> 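I'd like to ask you about the structure that follows.
Quick note on labels: first sequence line is chain A, next is B, and so on, each numbered from 1. Hydrogens, waters and symmetry mates play no part in the numbers below; they use all other heavy atoms, side chains included. It should be emphasised that the depicted structure is a prediction, and the values quoted were computed from it without experimental measurement.
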Number of protein chains: 2
Amino acid sequence: MMKNQEAARATLENLYRIFTVPEAPDSTLGGIDQAISNDVSGFLQTHIVALERSLEEIEADFASSLIPEEPTFVSEYTEFVKEKLVAQSVHTAAPGFIGHMTSALPYFMLPLSRLMTALNQNLVKVETSKAFTPLERQVLAMLHRLVYQADDAFYQQWIHDSQHALGAFCSGGTIANVTALWVARNSLFAPSGSFRGIAEEGLARALKHLDCDGLAVLVSHRGHYSLGKAADLLGLGRDNLVKVETDTNNRIDMKQLKDVCRRLQDENIRPMALVGIAGTTETGNVDPLDEMADLALELGCHYHVDAAWGGPTLFSERNRHLLEGIGRADSVTFDAHKQLYAPMGAGMVVFKDPTALSAIEHHAAYILRHGSKDLGSHTLEGSRPGKALLVHAGLSIIGRKGYELLIDLGIKRAKSFAEMVRKHPSFELTSTPELNILTYRYCPGSVRQTLIRATDKQRALINVLLDQVNQMLQKDQREAGKTFVSRTRLRVHKYRGQVTVLRVVLANPLTTDEILTSVLEEQCTIVLQQDIQVLLQQVEALCTEIDTLPAAVCA
Amino acid sequence: MMKNQEAARATLENLYRIFTVPEAPDSTLGGIDQAISNDVSGFLQTHIVALERSLEEIEADFASSLIPEEPTFVSEYTEFVKEKLVAQSVHTAAPGFIGHMTSALPYFMLPLSRLMTALNQNLVKVETSKAFTPLERQVLAMLHRLVYQADDAFYQQWIHDSQHALGAFCSGGTIANVTALWVARNSLFAPSGSFRGIAEEGLARALKHLDCDGLAVLVSHRGHYSLGKAADLLGLGRDNLVKVETDTNNRIDMKQLKDVCRRLQDENIRPMALVGIAGTTETGNVDPLDEMADLALELGCHYHVDAAWGGPTLFSERNRHLLEGIGRADSVTFDAHKQLYAPMGAGMVVFKDPTALSAIEHHAAYILRHGSKDLGSHTLEGSRPGKALLVHAGLSIIGRKGYELLIDLGIKRAKSFAEMVRKHPSFELTSTPELNILTYRYCPGSVRQTLIRATDKQRALINVLLDQVNQMLQKDQREAGKTFVSRTRLRVHKYRGQVTVLRVVLANPLTTDEILTSVLEEQCTIVLQQDIQVLLQQVEALCTEIDTLPAAVCA
């Protein structure tokens, strides 16, 4: 018993220690901390193992479902983290990691993130955030102004208004998109007469109230998958997220959009929202935002623009015209962890109408009281960290002109990479970059010519083989760990069907043309592997067959 | 032109610098970073100004809605952050800050947070997280096992299953609760026959399919406000979040719950979910979880337990019986930024049935492909940071026994604070702590005796005055900045109505009995202020009137 008590006291003392005694600079964790402070890219370079272990092997290190009974020394745990976790992480900041939307971070983000963690504010309410609440409101106003360019008087009135918020800070673009559509749905079914609004009465009664058989959200086939989640979550059903065909440049086809709207109205289904995309996830193209605004106006429905990727293009005097019409949107989504270069986990949605978020307003007895400036009364999430600091820091330290340079750089680099692909005998550009994203695939020039001539059936046969080639190519390149591109499936108009393509996102300012050249060179080396060569020989055989037969026989 | 080009080149070079050159240790930001590393509580103590400035004053520092055109030096920006933001933040880690659910953080969380930020993994998919995905799956399995205690074979089968996830890691408890109810709704309306499920067809058709007039979620009046948001978001409507009365100890009244269920069934409204609370936000009480499980079984509905606060009580051998029956829940919410002592922004929901999350599964062409182990196919959120590392670290370094000590400590301290309040002539305990949360109010003993005797009207009059006293007391104490309690409004059964109460959360292990004593002492000093004394004199006058009149006249 005595011994137990002693053990308990010792554990208690250790517990106090972890809350009060810092990691010594010469400890394992202190050393890592210092190494990251001094040279983050060196640290990542040294500690992340390039060559990929299989996921199954890695899982063996994370196989126990038992919470350890006894405390573990920080040093021991840190060794584990270093060897098993860090070593097998993805070097998302590497300039050759151009397959996803994660870039290198500006250095100041690291110490400011620590400051944010140390302060551990909770933005749900002023009582646990104080100055962080005005700061977050300022960030929302800045983004609002970037999009909507209202005048000083407008922002003076609304920026710190106790009843309203100009937008919502979120954990990411998905919650931002969901919030926008939530507001759209609730605004359409606002209280009126004896109907107390959808927020109170629910969707079924709301539909009865407006006497319609359903609601629809319209977006192009390039719409982000979060919109499908939103349609499900909000009770609309994925069937009612209506996906419209795109033109040859991955922009929504306005004629088809209008046709669909007419058809829906005939079926007594109400268009609840149009969603325009400013930088599609897969190809970086921008919908005709201005024309969509006209249509939304005509339909009297909410107009949301998903600018999670492309929003910061507005920083660039040269390129902001690409987003012409965005200021007519009712709501716009931004992702700060994309082209605002904040660490993972920061999205925003801003609303043109400063009272729009009232449609989802909520209160509680212990916080979010009426008239408080608690931001939590207008957010889908509850407790939230002070990430707005990192966005504020980016906007302040980098400034409009700094972001402009980053944006222009990315767009320029995408154009030059597109040129490289176009000129290369073995690759085919499958989407022309408007912003800084493009897709291409391994497909030798001779095969492309044959594909044009081929019948639908022949083309499909060849494309299935090429899909496998590109899939293996992407996988092998990722596993080799030097450079990384992603892949997706995309409709390529001239082939009248979907093909597997490689996708490149050029937002890391440290990515050079030399790196891009080496990405293509590595891919040319990878295709020399036997299993891929076997596929390419089959492609060649099919092509020869098509090329040697007279056209009439093919058809 | 030449000059412009030069300026552009200079800005570009500066841009590269912020991505490649660390903050020097002797820079302003480097200095702050070092100070936090060496002594976080000293840093917070020194830099957070205790005395409160008014929010309006603080807002003046965050008034501009213009994004700065030109870059700002990091040092200059850091000075701004230090003086205007940090100084006016809330010292949530202070042992006297016992009003909300934020505690001091274990030291190791800081360097590990930096590591997490530096790695900048994205947990939506394996391609941008690799080892972090198995790690997050392990954390979910550990929490699952803590609740459900399935055997090794179960976890071996499911922990890294490519089609399923044992739970979802979220930005917080709100998203966790929403996810649980989303799954509940979609499971109730799963595809069957020609009905393709609510996810596809939407809520209106789903209700027709099951031929019911509505859905209800049942919870006590102490349910967290996130459930109201969920009911709105999911299309159920807040009317259909049915709030049931509680017993004298803030636990759901089972008889009333059963009555309500019968009434709903008579109205052809289907109970979609029962929600039990394991540690109510305002009072820390625990619903009769086992009895609720019986009822859910009888009703055939989803049973969710919101253990955002109280879940970690399961670590304690002495106290886990308080959560008896939690293992029968279909889903359970945890908040890691509460009693797992992780920094803000980490929640989780685990599901008993490892296939439950299939009800909200989704895919996309470029990620989350069928059969991938991408966690994003089963989460409401999209891109997410590697916060699971911090939970994993807590579970490993603190261990089950360490958490047990923390839990036992908090519960013990709440009991001793309740004793202090009970014994104090000027305070009234308004809810008895089961876990480590309690409420009380300033209300002298003599007034309490009068209140019992008073008529409803007299009682209401007095309580309105006492509400004002307690509201002012709480505000003044917060503004003085030495200690902090929160306030809420709570039904106190013996008074047959709601009163304003002070709320205390005892999770910070550095909070001592001496600090608790000083909280009450400070409150006794605050009430001596003239404006509060005026109110108390009015209370006294009313009491004298009641006390001197014969009971018959009062009635």
> Given the options A/Ala393, A/Ala87, A/Ser226, A/Ser129, which has more heavy-atom pairs under 4.5 Å with chain B than any of the others?
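It is A/Ala393.
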> So what's closer than 4.5 Å to chain A heavy atoms on B/Ser64: side chain, backbone, both or neither?
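Both backbone and side chain.
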> Is A/Phe108 in contact with chain B via its backbone, its side chain, both, or neither, using a 4.5 Å heavy-atom distance?
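Contact with chain B is through both the backbone and side chain of A/Phe108.
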> Identify which part of A/Leu233 has an atom lying under 4.5 Å from any heavy atom of chain B, answering side chain, backbone, both or neither.
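Interface part for A/Leu233: both.
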> Where on B/Ser41 is there a heavy atom nearer than 4.5 Å to chain A: the side chain, the backbone, both, or neither?
neither
> Counting only heavy atoms closer than 4.5 Å, note whether B/Asn38 contacts chain A via side chain, backbone, both or neither.
backbone
> Is it the side chain or the backbone of A/Leu368 that comes within 4.5 Å of chain B heavy atoms, both, or neither?
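Only the side chain of A/Leu368 comes within 4.5 Å of chain B.
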> For the candidates A/Asp39, A/Leu203, A/Thr102, which exhibits the highest count of non-hydrogen atom pairs separated by less than 4.5 Å from chain B?
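Ranked by contacts with chain B, first place is A/Leu203.
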> Between A/Arg196 and B/Asp239 (salt bridge meaning N to carboxylate O under 4.0 Å), is one present in this structure?
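Judged by the 4.0 Å cut-off on N to carboxylate O distance, A/Arg196 and B/Asp239 do form a salt bridge.
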> By a 4.5 Å heavy-atom criterion (distance strictly below it), what part of B/Leu123 contacts chain A: side chain, backbone, both, or neither?
neither
> Counting only non-hydrogen atoms closer than 4.5 Å, does A/Thr20 touch chain B with its backbone (N, CA, C, O), its side chain (CB onward), both, or neither?
both
> Can you say whether B/Val21 sits under 4.5 Å from chain A via the side chain, the backbone, both, or neither, judging by heavy atoms?
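Backbone only.
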> How are the rings of B/Tyr403 and B/Phe315 set to each other: parallel, tilted or perpendicular (split at 30° and 60°)?
parallel
> Do A/Ile18 and A/Leu15 have side chains that get closer than 4.5 Å, going by heavy atoms?
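Side chain of A/Ile18 against side chain of A/Leu15, heavy atoms only: contact under 4.5 Å found.
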> Could you go step by step and tell me if B/Ile48 and A/Leu119 meet the side-chain contact (heavy atoms from CB on, under 4.5 Å) rule?
CA-CA 9 Å; B/Ile48 295 180; A/Leu119 288 169; 4.1 Å; yes
> Under a 4.5 Å heavy-atom cut-off, does chain B meet the side chain of A/Asn186, its backbone, both or neither?
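Interface part for A/Asn186: side chain.
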> Using non-hydrogen atoms and a 4.5 Å limit, figure out which bit of B/Arg503 sits close to chain A: side chain, backbone, both or neither.
side chain
> Can you say whether A/Leu66 sits under 4.5 Å from chain B via the side chain, the backbone, both, or neither, judging by heavy atoms?
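Contact with chain B is through both the backbone and side chain of A/Leu66.
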> What class does the angle between the rings of A/Phe484 and A/His100 fall in, given that below 30° is parallel, 30 to 60° is tilted and above 60° is perpendicular?
tilted
> Does any backbone or side-chain atom of B/Glu23 lie under 4.5 Å from a heavy atom of chain A? Answer side chain, backbone, both or neither.
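Contact with chain A: backbone and side chain both.
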> Please state whether the side chain, the backbone, both or neither of A/His144 comes within less than 4.5 Å of a heavy atom of chain B.
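For A/His144, there is no contact with chain B at all, as no heavy atom is under 4.5 Å.
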> Below 4.5 Å from any heavy atom of chain A, which atoms of B/Leu490 appear? Answer side chain, backbone, both or neither.
neither
> Going through the distances and angles, do B/Phe62 and B/Phe80 end up as a ring pair (Phe, Tyr, Trp, His ring centres under 6.0 Å)?
CA-CA 11 Å; B/Phe62 302 93; B/Phe80 169 83; 5.6 Å; yes
> Is A/Arg384 close to chain B through its backbone or its side chain, or both, or neither, when contacts mean heavy atoms under 4.5 Å?
backbone
> Which atoms of B/Val74 are under 4.5 Å from chain A, going by heavy atoms: the side chain, the backbone, both sets, or neither?
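Contact with chain A: backbone and side chain both.
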> Around atom CZ of B/Phe73, are there more than 12 heavy atoms of other residues, nucleotides or ligands at under 6.0 Å?
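For B/Phe73, atom CZ is not crowded (no more than 12 foreign heavy atoms under 6.0 Å).
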> Heavy-atom distances under 4.5 Å only: say whether A/Ala206 touches chain B with side chain, backbone, both or neither.
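Neither part; nothing is under 4.5 Å.
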> Can you say whether B/Arg205 sits under 4.5 Å from chain A via the side chain, the backbone, both, or neither, judging by heavy atoms?
neither
> Heavy-atom distance under 4.5 Å to chain A: side chain of B/Leu146, backbone, both or neither?
side chain
> At a heavy-atom separation under 4.5 Å, does B/Ile397 approach chain A through its side chain, its backbone, both, or neither?
both
> Using heavy-atom distances under 4.5 Å, tell me whether A/Ala104 contacts chain B through its side chain, its backbone, both, or neither.
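Contact with chain B involves both backbone and side-chain atoms of A/Ala104.
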> Are A/Lys229 and B/Glu381 within salt-bridge range, i.e. N to O under 4.0 Å?
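No.
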> Given a strict heavy-atom distance threshold of 4.5 Å, which part of A/Thr128 is in contact with chain B: side chain, backbone, both, or neither?
both
> Which residue out of A/Tyr225, A/Phe154, A/Trp182 racks up the most heavy-atom pairs below 4.5 Å with chain B?
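Counting heavy-atom pairs under 4.5 Å, the top option is A/Trp182.
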> So for A/Lys84, is it side chain, backbone, both, or neither that comes closer than 4.5 Å to the heavy atoms of chain B?
backbone
> Heavy-atom distance under 4.5 Å to chain A: side chain of B/Leu110, backbone, both or neither?
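Looking at B/Leu110, backbone and side chain both touch chain A.
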